[in-house]
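Each remark here refers to the structure printed beneath this line.
Note on naming: letters A, B, ... go to the chains in the order of the sequence lines (proteins, then strands), and numbering restarts at 1 for each one.
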Amino acid sequence: MIITVTLNPALDKTYWVDETHLPLSVGEEDRIMRAHRSLSEPGGKGINVSVLLARLGMESVAMGFLAGHTGQIVLRGILSEGVSANFVWIEGETRTNAALMLPERQAASLKVHEEGPTVPARAVEIFLAKYRHAVARAEYVVLGGRLPPGLPDDFYHQLALIAAQHNVKTVLHTGGFPLQEAISAGPYLVKPDIREGAVIGDEAVSTEEEIISAGHHALDRGAKMFLVSHHVTGDVLVTKDAVWELDARVTLSELRNLVGADDALVGGLLYQLKKGEDLESALKFGMAAALASSEAEEKLVRSRQAIDAEMERIEVRKRTPR
Amino acid sequence: MKAHEFMRKDLTSVDAETPISEVIYVMEQSGLSSLPVLDDEGTLVGVISERDIIRAALPSYFDMLHSTAILPNLNQLGRSLERISQRPASEFMARDPVVVRPSDEDLQVAQLFIRRRLKQIPVANEAGYLVGVVRRIDLLNQLSRGGILRDRR
């Protein structure tokens, strides 16, 4: 079984407008932009991975915290995709994350992310009890996204340790301190979230050399694999005996929506690894899933066929260290 | 159509040790009027409903609720609920609850809804783990759109 954990889920609301005319001109007080299209989808890294897996026909259980009416909408969205849901209900409202797609800039968007409701101590206890039961019967756990208010920075570390006790492979897909804290729990795959700056701890990860160096540090601390976005259409994977360069042969003008592409990469990769495929095939499939998702207007690719169609545009190169 | 095809994969549940006050909270937040109860291992051991809680608070009046003769005093109901608020779900749940298997037929499930007057029934697999819940309204919805009838040859 695969479990995905989204501790601070969101309702992802996307708007498409004809033009924004940003920035506001001098003397202008406000502006109304009319959306010719909008879409509401359940969101959050773990949830996105579950949805991607479900679209490929693979089951998973999504766990985390939900609140209020927005939480009900998110739950409904998750269930309608064929994902099993085992969330803990808390007070308040699950957050809404808005993305305004900028027609003037291909695939770029202006985002407003809410913080999310505070998780009370009792809800954390209930979640941990459910998590322990679930993990005992799982093969993979995906820990993804920002921590909500109310949870300590070492929470992912705690969850990764519980998973390690049951020999469950953990995929860690987050950033900042929570990522740093959790690496020592020996996660199977670390995919740092560097959307807010190409830095992990105090290490820069802009060039390939920097990524390899940061990767080796993470591996020394217990991680088995380290996967980082290198540029818009490429990633680098560092394992103890190799460095893999992953590239999508695509022009930026073909990209429509980059939101969720990272999660499609993790989902696609996990899908093939669970089926027993070798790492190289799994990486290629993951990148194809990310590419197919980026070319779609919606967040995540809808079909297996769309992913397969991209496979020949993915290059996977293995470099063994000197 | 089999149960797993129209079940809702919502695994919302409470534990045998969950206090009644929390059971009520989960019911209110999730919109479910009855909840599966799981044991330490995570297997399904019971179902607790709003009726079970009301009956627990007002045992002697409960049987008379079907007549209009007596309406319980609400302050009394409030006090009684307070008395049982910290008691565990296991104390008032229905042990040996009606459970559906993922492979059960829609007709079997429909008969359970009607005969037992249930709005939702937990679905558990062979090992006893909760995998979803079948809801009467979902079946009703499917039937009114002709979905199930289309499957029948």
Side-chain angles (χ1 to χ4, degrees), chain A residues 1-5 42 47 50-51 53-54 58-94 117 119-138 166, chain B residues 1-33 35-45 85-86 88-90 102 120 122-135 137-138 141-142 147:
Chain A
M1 191 181 38
I2 298 176
I3 295 167
T4 67
V5 174
I47 287 172
S50 272
V51 169
L53 289 171
M58 187 172 274
E59 304 218 333
S60 66
V61 178
M63 302 183 70
F65 300 100
L66 285 176
H69 298 111
T70 315
Q72 285 288 352
I73 297 172
V74 170
L75 176 64
R76 209 180 164 104
I78 292 171
L79 294 175
S80 73
E81 291 279 352
V83 176
S84 295
N86 192 3
F87 285 81
V88 175
W89 290 93
I90 61 175
E91 294 286 340
E93 284 289 329
T94 288
V119 180
R122 175 63 188 143
V124 177
E125 278 174 36
I126 297 170
F127 171 80
L128 285 172
K130 283 188 196 293
Y131 176 76
R132 285 194 175 93
H133 283 149
V135 144
R137 296 183 281 135
H166 295 273
Chain B
M1 206 188 318
K2 303 219 179 276
H4 70 84
E5 292 174 69
F6 67 94
M7 75 180 178
R8 214 166 121 94
K9 298 207 249 188
D10 179 358
L11 308 181
T12 302
S13 62
V14 291
D15 291 335
E17 296 310 306
T18 303
I20 293 299
S21 57
E22 210 171 281
V23 174
I24 294 174
Y25 175 77
V26 177
M27 283 175 173
E28 199 272 324
Q29 289 289 317
S30 64
L32 297 166
S33 58
L35 293 169
V37 183
L38 310 181
D39 68 7
D40 270 335
E41 310 291 307
T43 49
L44 182 67
V45 291
S85 72
Q86 296 310 305
S90 56
Q120 61 243 351
V123 184
N125 63 14
E126 295 298 309
Y129 292 114
L130 184 69
V131 293
V133 60
V134 280
R135 297 190 313 173
I137 186 62
D138 292 328
N141 195 25
Q142 287 268 6

Worksheet item: CZ of A:R137: more than 12 outside heavy atoms within 6.0 angstrom?
Response: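 Yes, because the 6.0 Å sphere around CZ of A:R137 holds more than 12 heavy atoms from other groups.
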Worksheet item: When you look at CG of B:N141, are more than 12 heavy atoms from neighbouring residues, nucleotides or ligands closer to it than 6.0 Å?
Response: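 Yes, the 6.0 Å shell around CG holds more than 12 heavy atoms from other groups.
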Measure [X] against the heavy atoms of chain B and call it side chain, backbone, both or neither at under 4.5 Å.
X      : result
A:E59  : side chain
A:L75  : side chain
A:V61  : side chain
A:R132 : neither
A:L66  : neither

Worksheet item: Which one of B:L11, B:L130, B:V131 satisfies the side chain to side chain contact (heavy atoms under 4.5 Å, CB included) criterion with A:S84?
Response: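 One option only clears the test, and that one is B:L11.
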Discussion item. Which atoms of B:E22 are under 4.5 Å from chain A, going by heavy atoms: the side chain, the backbone, both sets, or neither?
Written reply: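 When you check distances to chain A, only side chain atoms of B:E22 fall under 4.5 Å.
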On a heavy-atom basis, which atom in [X] and which in [Y] lie closest, and how many Å separate them?
X      : Y     : answer
B:R8   : A:L79 : CZ-CD1, 3.5 Å
A:R122 : B:P19 : NH2-CD, 4.2 Å
B:Q29  : A:W89 : CB-CB, 3.7 Å

Worksheet entry | Contact leader toward chain B among A:G82, A:A136, A:S80, A:A67, where contacts are heavy-atom pairs under 4.5 Å |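 Winner by heavy-atom pair count: A:G82.
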